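Read through the structure below, which is laid out as structure tokens, and then see the notes.
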Amino acid sequence: MFGPPGSGKGTYASRLSAELSIPHISTGDLVRDEIKNLTEMGKRINDYSARGLLVPDDLICQVLQKRITQPDCASGFILDGFPRTIAQAQELAKISGTDLVINLDVPDTVIIERLASRLTCRSCGAIYNKRFLKPRIEGVCDRCEGQLYQREDDRPDVIEQRLHVYRKETQPLIEYYHAKNKVRNVSNKEAGVPPEKIVKEIIKIIQTPTI
Ligand code: AMP
């Protein structure tokens, strides 16, 4: 799943994971877990994440490799937030094939509106929105009853930095995958479109045979 922060990668990937019975791997969630668990890796990457900067390629590739070599990934997986640089894409190519890149095309106005009101579950990482995707009980995760909170890097100043990093470091990757005929665009111009509608569209794309 490819797209700027707040484009819906995590929301759609978690639903796709349930539909397709393959794991959803969010490197952002893996990063937050390392930080929360105060691991050696967590201590090395905390500062980058808090400032909205990318974690260095060698570190994030280690984090990813540890996850995708687990048995539940043997039949495939959905990556969310990885790769984010050409170097990461090249590393990924050494350890896994890539079937499709779903590129979420979402305007900045929608992103800022969504991120400012996004809520994340502290326990399972599920994503909600105070305005567009409310939990059944305020402040409580529908899935695991964990506590919902606003991510530190969803503050307006950090959002701006993350969008800047996305445009500079990550957007050029679209060309890299275009050249391999892997990219399929999914456009979403409004903040409140129900996730199910977009997920249906993505499943249709996945099921369309490539020429
Ligand atoms: P996300 O939840 O995908 O927005 O990721 C949160 C933060 O984790 C990012 O702002 C980065 O600091 C770090 N991160 C996640 N994935 C990557 C990646 N592929 N490369 C570098 N840093 C990453």
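Ligands are counted one by one from 1 in listed order, and the atoms in each one are counted from 1 as well. Here the structure is a predicted model, which is why all the values come from computation and not from measurement.
The nearest heavy-atom contact from the protein to atom 7 (C) of ligand 1 is S49 OG, 4.0 Å. Distance from atom 8 (O) of ligand 1 to its nearest protein heavy atom, with residue and atom name: V31 CG1, 3.8 Å. When hydrogens are left out, the protein atom nearest atom 16 (N) of ligand 1 is T27 OG1, 2.8 Å; that is the closest non-hydrogen contact. What sits closest to atom 5 (O) of ligand 1 on the protein, heavy atoms only, is G28 CA, 3.4 Å.
Looking at heavy atoms from C-beta onward, I159 lies out of side-chain contact with P5 at the 4.5 angstrom threshold. Contact annotation: the side chain of M41 never approaches that of L30 to less than 4.5 Å [non-hydrogen atoms, C-beta and beyond]. Between V140 and Q147 the shortest side-chain heavy-atom distance does not fall below 4.5 Å. At a threshold of 4.5 Å between non-hydrogen side-chain atoms, the residues V158 and E152 do not count as touching.
In summary, the atoms of ligand 1 found under 4.0 Å from a heavy atom of Q88, numbered by their order in the structure, are 18 (C), 19 (N), 20 (N), 21 (C). Annotation for ligand 1: atoms under 4.0 Å from non-hydrogen atoms of R32 are 2 (O), 6 (C). The contact set between ligand 1 and R151, taken as ligand atoms under 4.0 Å from a residue heavy atom, comprises 1 (P), 2 (O), 4 (O), 6 (C). Listed by number with element, the atoms of ligand 1 under 4.0 angstrom from any heavy atom of L53 are 11 (C), 12 (O).
Neither the backbone nor the side chain of P5 has a heavy atom within less than 4.0 Å of ligand 1. At a 4.0 Å heavy-atom cut-off, ligand 1 touches I60 through the side chain alone. Contacts between E34 and ligand 1 below 4.0 angstrom, taking non-hydrogen atoms only, are absent altogether.
Of the inter-residue distances, the one linking T69 atom OG1 with R67 atom CZ reads 9.0 Å to the nearest 0.5 angstrom.
For E196 and R15, the salt-bridge test passes: some basic side-chain N is under 4.0 Å from an acidic carboxylate O. Using a 4.0 Å cut-off between charged side-chain N and carboxylate O, E40 and K43 make a salt bridge. One finds a salt bridge joining K66 and E34 here, because a Lys/Arg side-chain nitrogen approaches an Asp/Glu carboxylate oxygen to under 4.0 Å.
Considering backbone and side-chain N/O of R162, one or more are found under 3.5 Å from N/O of ligand 1. Of the polar atoms of G81, at least one N or O is found under 3.5 Å from an N or O of ligand 1, judged by distance alone. Between R84 and ligand 1, at least one pair of N/O atoms sits closer than 3.5 Å. Between V55 and ligand 1, a contact under 3.5 Å exists for at least one N or O pair.
Side chains of Y149 and D154: a donor-acceptor N/O pair is absent below 3.5 angstrom, by distance only. Side chain to side chain, D105 and N185 fail the donor-acceptor criterion of an N or O pair below 3.5 Å.
Residue contact annotation: K9 has no non-hydrogen atom under 4.0 Å from ligand 1. The shell of residues lying under 4.0 angstrom from ligand 1, judged by heavy atoms, excludes R51.
The cationic atom of K180 (NZ for Lys, CZ for Arg) lies less than 6.0 Å from the six-membered ring centre of Y176 and within 45° of the ring axis.
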